[in-house]
Amino acid sequence: MFTLAGVDKRYGSTVALDGVDLHIAAGHRTALIGPSGAGKSTVLRMLIGLEWPDRGQVRFDGEPLRRDALLEQRRRIGYVIQEGGLFPHLSAGDNAALLARTLGWPRERIRERLEALSTLCQLPVDALQRFPAELSGGQRQRVGLVRALMLDPPVLLLDEPLGALDPVIRHDLQAQMRELFARLGKTVVMVTHDVAEAAYLADTLVLLRAGRVVQEGSARALHDAP
Ligand code: ADP
Ligand code: ADP
């Protein structure tokens with residue numbers, strides 16, 4: 001689904017990625033793990049064209065990621081960041097509907113899709129009328145999920161999706177997300193610094209350290225490694 005080939009990325013004198021070769025298979029749930037600053041978010045942001053390699057290539061579905069085809073490619077990728085990444089001045093529903101409206105979906109189709117996804121993501125329907133600041137952190141996260149799923153993309157990218165939540169809510173949402181991922185059967189790539197969460201939600205783990213992939217394998221194999 002995604003391939004990174006010989007990818008380098010620097011920010012000034014900081015080396016964020018150093019020769020990353022990585023293949024992310026379709027249908028898998030992959031977690032990028034590793035200490036803070038290892039390059040996890042940079043990899044994820046590259047998959048959706050929010051960052052570009054200094055050297056090397058990113059391919060999506062066999063095609064190089066291209067600036068001029070980015071919008072088309074992004075429609076096939078749902079992207080969720082911490083706290084949902086919602087616009088504060090738009091209601092939750094308007095946030096979620098933004099992309100579909102831009103694409104000219106009829107009002108009725110948007111309403112139906114929002115309803116179905118609210119149910120799927122266990123978000124109370126009246127939450128969609130509220131502004132992000134009026135929702136709990138967990139609800140904002142669910143709105144972020146609803147927004148990312150609007151166009152039914154085959155791929156879901158999640159950057160520390162539960163990072164801002166308190167432990168009890170986080171635990172609940174982990175269980176719901178696990179069930180959701182299993183039901184949707186999408187290709188999922190997530191970033192987390194929590195190895196237990198990664199092993200719980202993903203089937204493949206990729207360990208990054210100082211901008212390099214240092215280990216890669218099934219959740220079980222990494223767990224059993226010495
Ligand atoms: P992780 O997600 O594993 O915590 P990141 O991919 O966010 O790591 O960052 C990798 C390295 O690149 C870190 O040293 C970070 O400080 C640096 N970095 C990331 N984004 C930027 C940026 N926009 N400007 C400057 N440095 C950055
Ligand atoms: P910018 O480059 O200024 O962030 P974008 O066109 O990338 O603007 O995105 C506009 C809004 O739509 C952002 O809030 C972004 O998070 C959201 N968005 C873009 N692509 C997707 C996607 N594939 N899935 C979900 N939300 C998306």
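Indexing begins at 1, ligand by ligand and atom by atom, following the structure's order. The structure presented is a predicted model; accordingly, all values stated were derived computationally and were not measured.
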Considering only distance and modelled atom types, tabulate donor-acceptor pairs under 3.5 Å from the side chains of residues 121-128, sequence neighbours left out.
residue: Gln122; atom: OE1; partner: Gln176; partner atom: NE2; Å: 3.3
residue: Asp126; atom: OD2; partner: Arg130; partner atom: NH2; Å: 3.4

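- Sorted by chain and number, the heavy-atom contacts of ligand 1 below 4.0 Å come from Tyr11, Thr14, Ala16, Pro35, Ser36, Gly37, Ala38, Gly39, Lys40, Ser41, Thr42.
- Counting heavy atoms from C-beta outward, Arg209 and Leu207 have side chains that approach closer than 4.5 Å.
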Please report, to 0.1 Å, the donor-acceptor pairs under 3.5 Å made by any side chain of residues 96-107, with sequence neighbours excluded.
residue: Arg101; atom: NH1; partner: Asp94; partner atom: OD1; Å: 3.0
residue: Arg101; atom: NH2; partner: Asp94; partner atom: OD1; Å: 3.4
residue: Thr102; atom: OG1; partner: Leu98; partner atom: O; Å: 2.7

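- Under the 4.5 Å side-chain criterion, counting only non-hydrogen atoms from C-beta, Leu70 is in contact with Leu65.
- With sequence neighbours excluded, no residue satisfies side chain to side chain contact (heavy atoms under 4.5 Å, CB included) with Asp172.
- When only modelled atom types and interatomic distance are considered, Glu197 and Thr192 share a side-chain donor-acceptor pair under 3.5 Å.
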